[in-house]
Amino acid sequence: MADTLGNRGFFLTSVEVFFLVTLNVLSLTGNILVCIAVYKNTRLRTTTILYIIALAVSDLMSAVFVMPFTLGVLITGEWVYGQVICNFQAYMAMFMVYVSPVTMGLTAFNRYMRICKSEQQYKRIFSPWKSRALLACVWILVACYSAVPKLAGLQDYAFIPGYALCGVVHVSESGRIIHYTIVLSLFFLTPLTTTIFSYIKVAKMIRQHNAAMSSTIHRGATGSSITVQELKLKAALNQQMSSQRCHPPTHGANRHRWPGWSPSTCVKRTKLCDCSNFVWHFPNSPTVW
């Protein structure tokens, strides 16, 4: 294949360079900010954020190892970096294209387990250690598949002028069919199906939760008058009980019924009783809930 892009006008070259530079800067800035936010805020270091960080890292790798060489090609109009860099860019570009959809599918499945399943079922698969191990296994699988066909002589890497980068060149037609069958089924259709299934289930669970909350709020609004009456009655009873508890003994014969009585202990006992009554009544109030 040719190592040049052919005749291109100044305007077309300027537009291509401008858009690629803008895309590269935005990719670097946005994904670096995501990594910095997680690094500085320990509360963000959850299993779900782990997969988001993985996506950010894959985008950063593309912005660092793939886009700069393509930018140079757009400026000069030809590939000037040699075969070694061509092999490196082709491998990294293929790895990034394959690993991103798989990571997104894994992220969607994580959300499905977290929202639609119990805490025990979620931690059975997505504990902190298992989440890291699962992500590492997926990335290693994609990395191995991206390298094995080239090492086995079934593929080669070459500069492709139509894409302004180095990519995969298949040695045989049958190898090309087998390759794209595996790629489409394993790295695209499977993650896409998982993502669609997971988010449909999550959306259904959220709708059910919102409907239950609306029903609870409606019942609380209709029963608010009865609850207010109950609260007033409860307050009156508490006040009467508090006055009885705080009434000091006046007869010597009754002093043995008030051991350790003092104004301070009376206040403490009154506050404790009032607090316990409030806690007992609080969950049963539809006005609160």
Original post:
Between S58 and S100, which heavy-atom pair has the shortest distance, and what is it?
Top reply: OG-OG, 3.6 Å
Original post:
In terms of hydrophobic clustering (I, L, V, M, F, W, Y; side-chain heavy atoms under 4.5 Å; direct or indirect links), are V142 and W139 co-clustered?
Top reply: yes
Original post:
Do the side chain of Q155 and the main chain of H170 share a donor and acceptor less than 3.5 angstrom apart?
Top reply: no
Original post:
Are F187 and Y145 near enough that their ring centres are under 6.0 Å apart?
Top reply: yes
Original post:
Is there a donor-acceptor pair closer than 3.5 Å between any side-chain N or O of S27 and the backbone N or O of L23?
Top reply: no
Subject >> Option from N31, I32, L33 for which side-chain contact (heavy atoms from CB on, under 4.5 Å) with T29 holds >> reply: L33
**OP:** Over 60° means perpendicular and under 30° means parallel, so classify the ring planes of F69 and W79, tilted if in between.
**Re:** tilted
**OP:** Report the C-alpha distance between T48 and R114 in whole Å, list the side-chain angles of each, state the deciding distance to 0.1 Å, and finish with yes or no for side chain to side chain donor-acceptor pair (under 3.5 Å).
**Re:** CA-CA 9 Å; T48 303; R114 188 69 181 92; over 6 Å; no
Original post:
Listed by chain and number, what are the salt bridge (charged side-chain N to carboxylate O under 4.0 Å, His left out) partners of R8, not counting sequence neighbours?
Top reply: E16
Original post:
In terms of hydrophobic clustering (I, L, V, M, F, W, Y; side-chain heavy atoms under 4.5 Å; direct or indirect links), are F188 and L55 co-clustered?
Top reply: no
**OP:** Would you mind listing every disulfide (SG to SG under 2.5 Å) that reaches into residues 88-123, with sequence neighbours excluded?
**Re:** none
Original post:
Is the backbone of Y39 close enough, under 3.5 Å, to the side chain of R45 for a donor and an acceptor to pair up by distance?
Top reply: yes
Subject >> Shortest non-hydrogen separation from F109 to T194 and the atoms involved >> reply: CB-CG2, 4.0 Å
**OP:** Evaluate the side chain to side chain contact (heavy atoms under 4.5 Å, CB included) criterion for residues F126 and Y51: first the C-alpha distance (whole Å), next the side-chain angles of each, then the deciding distance (0.1 Å), finally the verdict.
**Re:** CA-CA 11 Å; F126 289 104; Y51 298 112; 3.3 Å; yes
Subject >> Whether R132 side chain and P128 backbone form a donor-acceptor pair below 3.5 Å >> reply: yes
**OP:** Output yes when a side-chain donor or acceptor of Q208 lies under 3.5 Å from a complementary backbone atom of M205, and no otherwise.
**Re:** no
**OP:** Any chance you could measure Q121, atom CD, to M113, atom CE, to the nearest 0.5 Å?
**Re:** 6.0 Å
Original post:
About how many Å separate CE of M67 and CG of N24, when rounded to the nearest 0.5 Å?
Top reply: 5.5 Å
**OP:** Validate the cation-pi geometry between K150 and Y91: distance from NZ or CZ to the six-membered ring centre under 6.0 Å, angle to the ring axis within 45°.
**Re:** no
**OP:** Check whether any side-chain heavy atom of V17 sits under 4.5 Å from a side-chain heavy atom of L71, and report yes or no.
**Re:** yes
Original post:
Less than 4.5 Å apart, any side-chain heavy atom of V73 and any of L165?
Top reply: no
Subject >> Euclidean distance, K201 NZ relative to I115 CD1, rounded to 0.5 Å >> reply: 13.5 Å
Original post:
Is any side-chain heavy atom of Y112 less than 4.5 Å from a side-chain heavy atom of F197?
Top reply: yes
